[in-house]
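Below is one structure, written out as C-alpha cells; comments come after it.
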Amino acid sequence: MVDRVLVTLDGAVRDADAPLLFADDIGVLRGDGVFETVLVRAGNACAIEFHLGRLRRSAQALDLPEPETGKWREAVEIAAKEWGAEREGVLRLVLTRGRDAELPSSRSSVTSGDLAAAVPVPTSYVLVVPVPDRVAKARTEGVSVVTLARGISIDLAQAAPWQLLGAKTLSYATNMAALRFAHRMGADDVIFTSTENRVLEGPRSSVVIVRDKQLITPPAKNGVLPGVTQRALFAEAQKAGWECRYDSLYTADLLTCDSIWLLSSITLAARVNSLDGLRMSAPDNAAEIVELVDRGIERAGAIGDW
Ligand SMILES: *Cc1c(COP(=O)(O)O)cnc(C)c1O
C-alpha cells in the first residue's frame, strides 16, 4: 500500500520520495502561494469542485495565473485513484508563484523581449499522505480549545485586502505557532478572536456554534476563510430543517451556546469538549451534527460551484 502519492499537473505520477521543488521556489522562499486540503474517502476527493473553486479565488487574490481547473481535476483524480479506496487520505493541492529566477524583476538586464518570455511558471502539484493520528480522536472525542488573540479587527479584511484574509495561502507559520502555543497550554486546538472580542476561526478550521435549532458561523467579511466543510454542513442542515446563519459572534456566545464545532476538510466535525479549561458536555444532537457534515461533504459535489 502506497503511503505517499505525488502527481504533477501534466498528469505524471512522480516518485514521492524524489525531490520536486527548486531551492528558489517562491513558495518556499516567501510562502507565496496557495493550497487546498481535501479528504480522500472511498477513493474520492470529497467536495472537490468547492476546493477547485476556492483555489481559483485564492489564486486570484494573490494575482497568480488562473489555475487550469481541468488539469487540476485530472491530477486529483489520478492521485485519488493511485491512493486507493481502502483508507482515507489527505490530498493537498499546492500552487506557488514558481521559481524566483524566472521572475523578470530579479533579472539584472532584461530587454522587453526577454520580459515576455520571463513570466514565471507556477509550481503546481497534488500530494496525498495518510491522515494524521490526531484526527480519529478529534472526530470521536472532540477537541480541547483555547481562545487566542489574532490581533486583528473584523474590519481588516475589507480595509486591507493585501492581508489576503479570504485566501488559503501557504503563509501558515503563525497558524502553526498558535497551535504549538495551544499544545504547550495542554489544549488541542485554537479559536482566534478579533480585537473586538469577536469569534474568528481556528488556525485550520471554521467555527460553527449550535443554539437550539440554529447553526451560526462568522461571515467571511469578518476576516475568516470561507470553509468548504461549513458550507457543506449548512447546505445539508438547511434541508433537514435547521436555520443556518452567518453572523458575528462574541466570545460570550461561545459560553452560552449548546455546542461549538471546529469544521475542516480532514477532521470534518470536531466538537469542542473544553473551552479555556471549561468543560463542555456533548449535547443530545451531537451525532446529528456529525452525520450532517458527513452527508454534506459526500453530496457537496452535486451542489455546484463555489
Ligand atoms: C482550511 C481552513 C479552514 C477550513 O476550511 P475547509 O474548507 O472546511 O477545510 C478554515 N480556516 C482556515 C484558516 C483554514 O486554513
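The analysis underlying the following values was restricted to heavy atoms, covering all of them including side chains, and did not include hydrogens, waters or symmetry mates. Just follow the structure's listing: the first ligand is 1, and inside any ligand the first atom is 1. Computed from a predicted model, the values in this text were never measured in an experiment.
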Let me know which protein residues bring a heavy atom to under 4.0 Å of ligand 1; chain then number is fine for ordering. R54, K168, Y172, E201, G202, P203, R204, S205, S206, L225, G227, V228, T229, L263, S264, S265
Answer yes when D253 and R211 have at least one side-chain N-carboxylate O distance shorter than 4.0 Å, and no when they do not. yes
Walk me through whether E291 and E236 qualify under side-chain contact (heavy atoms from CB on, under 4.5 Å). CA-CA 10 Å; E291 259 171 57; E236 200 61 28; over 6 Å; no
Can you tell me if W242 and E288 form a side-chain donor-acceptor pair at under 3.5 Å? yes
Just one of L215, V290, L233 clears the side chain to side chain contact (heavy atoms under 4.5 Å, CB included) bar with W261, so which one? V290
Members besides L262 in its Ile/Leu/Val/Met/Phe/Trp/Tyr cluster (side-chain heavy atoms under 4.5 Å): V143, V145, I191, V199, V207, I209, I216, L249, L254, L255, I260, V272, L275, L278, M280
Over-ring placement of R231 relative to F50, 6.0 Å and 45° cut-offs: yes
